[in-house]
2 protein chains.
Amino acid sequence: MKPISPIIKPEPLHVQAYKYIQNYLLDNEFSPGERLTELGLAAMLGVSRGPVREAVRLLIHDGLLVQKGVHIYVFDPTFDDVIDVYLCKERLEPLAAKLSAQHMSQASHDTLLDIINRTKQALEQDEKRNIVNFNTEFHDLIIQSSGNKQLIQFMNLIHAKNLYMRNNILSNYDRRDHFFEEHVRITDAIINGDGEQAELEMKMHIQNDINMLGTIFKSNQKDDSK
Amino acid sequence: MKPISPIIKPEPLHVQAYKYIQNYLLDNEFSPGERLTELGLAAMLGVSRGPVREAVRLLIHDGLLVQKGVHIYVFDPTFDDVIDVYLCKERLEPLAAKLSAQHMSQASHDTLLDIINRTKQALEQDEKRNIVNFNTEFHDLIIQSSGNKQLIQFMNLIHAKNLYMRNNILSNYDRRDHFFEEHVRITDAIINGDGEQAELEMKMHIQNDINMLGTIFKSNQKDDSK
DNA sequence: TATCAGTATTTTGTCAACAATTTAAAAATT
DNA sequence: AATTTTTAAATTGTTGACAAAATACTGATA
């Protein structure tokens with residue numbers, strides 16, 4: 001018998017714990033370098049240590065938490081770490097754009113255009129929160145539409161770290177002016193089904209980000225003594 | 001006081017469990033699609049379910065195990081999965097070659113040349129096992145020498161899946177004749193410190209693999225009815 | 001005051017038990 | 001014989017307890 005009125009079963013605690021702690025990290029509710037204890041997290045979530053342990057192990061695997069000896073700390077990225085992530089992103093996300101241009105459905109085309117429109121509005125009204133959110137939506141849709149499972153897994157990891165770093169080390173990283181035009185160009189290429197062009201535009205888009213990072217880090221170079 | 005005679009402490013059981021099960025998977029001691037139980041694995045390793053659970057969760061995260069409902073199965077890759085992995089590899093490993101060419105130490109240069117020599121010998125004497133092992137060593141050294149943490153993490157995941165698939169779906173994937181010359185070319189570029197060239201050679205190397213995959217899969221296309 | 005030894009506390013590592021589900025098997029009814 | 005119902009077994013989800021290790025603390029000694 002097929003389920004008609006699906007009873008929503010709660011997700012297992014370890015899954016909830018993973019998502020919850022991840023969100024907490026991405027929202028930067030913990031300080032970078034801060035030490036976390038299983039018991040503390042368990043108390044926070046109102047569960048026992050078991051599920052928390054599983055979640056923590058996964059987050060360590062993802063690189064959002066770091067294990068030193070037996071203890072767990074919140075990832076405290078260096079400039080080099082940021083560059084490392086962006087170099088991978090530069091290679092993988094253009095591939096996602098290419099594949100998306102070749103595969104994306106009509107429905108997703110519409111969604112993509114919708115995101116572009118909303119971004120435009122958000123820019124006009126200077127709604128910073130939305131600008132960031134729509135940017136995330138844009139890149140996410142392209143990734144998910146690529147249809148490449150391995151790529152999606154990697155980009156999810158990159159995305160999490162990226163989001164985390166954005167609110168941290170990159171907090172005063174002011175969005176460039178041109179990113180919107182670049183998004184439009186990428187969108188055009190995808191909708192035209194031009195994989196090569198989509199790939200190229202995405203690559204340039206990320207390279208602009210990297211260049212921007214270079215200028216930021218140069219001004220902070222003094223602190224780089226250690 | 002600095003530790004002189006370091007007492008070797010055994011790794012935690014969950015770490016051992018992870019490595020053990022992973023090796024088991026990579027050696028294809030389990031059948032693809034086979035169902036695994038926590039209790040079964042625990043009995044196999046002679047530990048309780050706790051550490052096994054943590055290991056299994058990680059392996060699911062890595063994609064070597066798959067969760068359907070509440071149960072755990074050994075990853076059973078399709079042709080598409082193989083292609084997905086190789087497309088990512090094609091993007092990331094050339095980056096590794098480039099970075100290695102820029103960073104690699106003299107000692108690693110020597111190691112690289114040594115691997116090349118041993119590969120040559122293995123080829124002459126047709127020691128298949130060694131040919132595969134040295135190939136792995138070669139690629140691994142280049143990855144690890146890249147100095148990019150994010151890249152290393154991703155390539156480790158790819159490497160595991162790749163190894164797993166090689167013994168599975170790619171089992172009768174006969175190594176190409178030209179791979180050795182390609183390795184030599186890559187090595188030359190790296191030792192010359194020519195990042196661009198190293199990147200290019202590595203890219204061609206992997207593209208040759210992908211082309212080979214294409215011919216293999218085409219001949220199996222008939223079974224692709226489902 | 002600084003250093004060391006010893007003690008107490010915290011935290012992780014591991015296990016075993018129990019509850020809750022799911023799956024498999026057996027029995028019964030049509 | 002086929003389908004449902006009931007019962008039993010197996011498996012995962014979760015917790016609490018205990019051991020072992022690491023850390024922090026205290027007081028004594030020089």
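Every heavy atom of this structure was used, including side-chain atoms; hydrogens, water molecules and symmetry mates were not. Protein chains get the first letters and strands the later ones, always in sequence-line order, with residue 1 at the start of each.
Distance from the side chain of A:T37 is smallest for C:dT11 among the nucleotides D:dT14, C:dG13, C:dT11. Checking C:dC15, D:dT12, D:dG13 against the side-chain heavy atoms of A:P12 singles out D:dG13 as nearest.
Whole-Å rounding puts the A:E11 CD to D:dT12 C1' distance at 16 Å. Taking atom CG on A:L39 and atom P on C:dT10, their separation rounds to 10 Å, with Å as the unit. In this structure, A:Y18 places its OH atom 17 Å from P of D:dG13, rounding to the nearest Å. Residue A:L65 contributes atom CG, which lies 12 Å from atom P of C:dT12 at whole-angstrom precision. The nearest whole Å value for the distance from the CD atom in A:E38 to the C1' atom in D:dT14 is 15 Å. If you take CZ of B:R53 and P of C:dG13, they are 17 Å apart, rounded to a whole angstrom. Atom pair B:Q67:CD and D:dT12:C1' shows a separation of 10 Å (rounding to whole Å applied). Here the P atom of nucleotide C:dT12 and the CD atom of A:E54 are 16 Å apart, to the nearest Å.
A donor-acceptor contact closer than 3.5 angstrom is absent between the side chains of A:S108 and A:T111.
Inter-residue side-chain proximity for B:I115 and B:H183 is flagged as unmet; no heavy-atom pair is nearer than 4.5 Å.
With A:L64 as reference, A:L26 is the one residue of A:L163, A:L26, A:L157, A:I21 to meet the side-chain contact (heavy atoms from CB on, under 4.5 Å) rule.
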Please list, pair by pair, any protein nitrogen or oxygen found under 3.5 Å from a nitrogen or oxygen in nucleotides 16-23 of chain D.
unit_1, atom_1, unit_2, atom_2, d
D:dA22, OP1, B:K9, NZ, 3.0

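Backbone-only contact: A:L36 has heavy atoms under 4.0 Å from sugar-phosphate atoms and none from a base.
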Exercise for the section: Tell me, with the steps shown, if A:K89 and B:Q150 meet side-chain hydrogen bond (donor to acceptor under 3.5 Å, both in side chains). Expected result: CA-CA 10 Å; A:K89 200 176 160 178; B:Q150 187 61 68; over 6 Å; no

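The environment of A:Y20 atom OH is sparse: at most 12 non-hydrogen atoms of other residues, nucleotides or ligands sit within 6.0 angstrom.
Aromatic ring pairs are classed by plane angle as parallel below 30°, tilted from 30° to 60° and perpendicular above 60°; the pair A:H205 and A:H139 is parallel.
Centroid-to-centroid, the aromatic rings of A:F134 and A:F138 stay 6.0 Å apart or farther.
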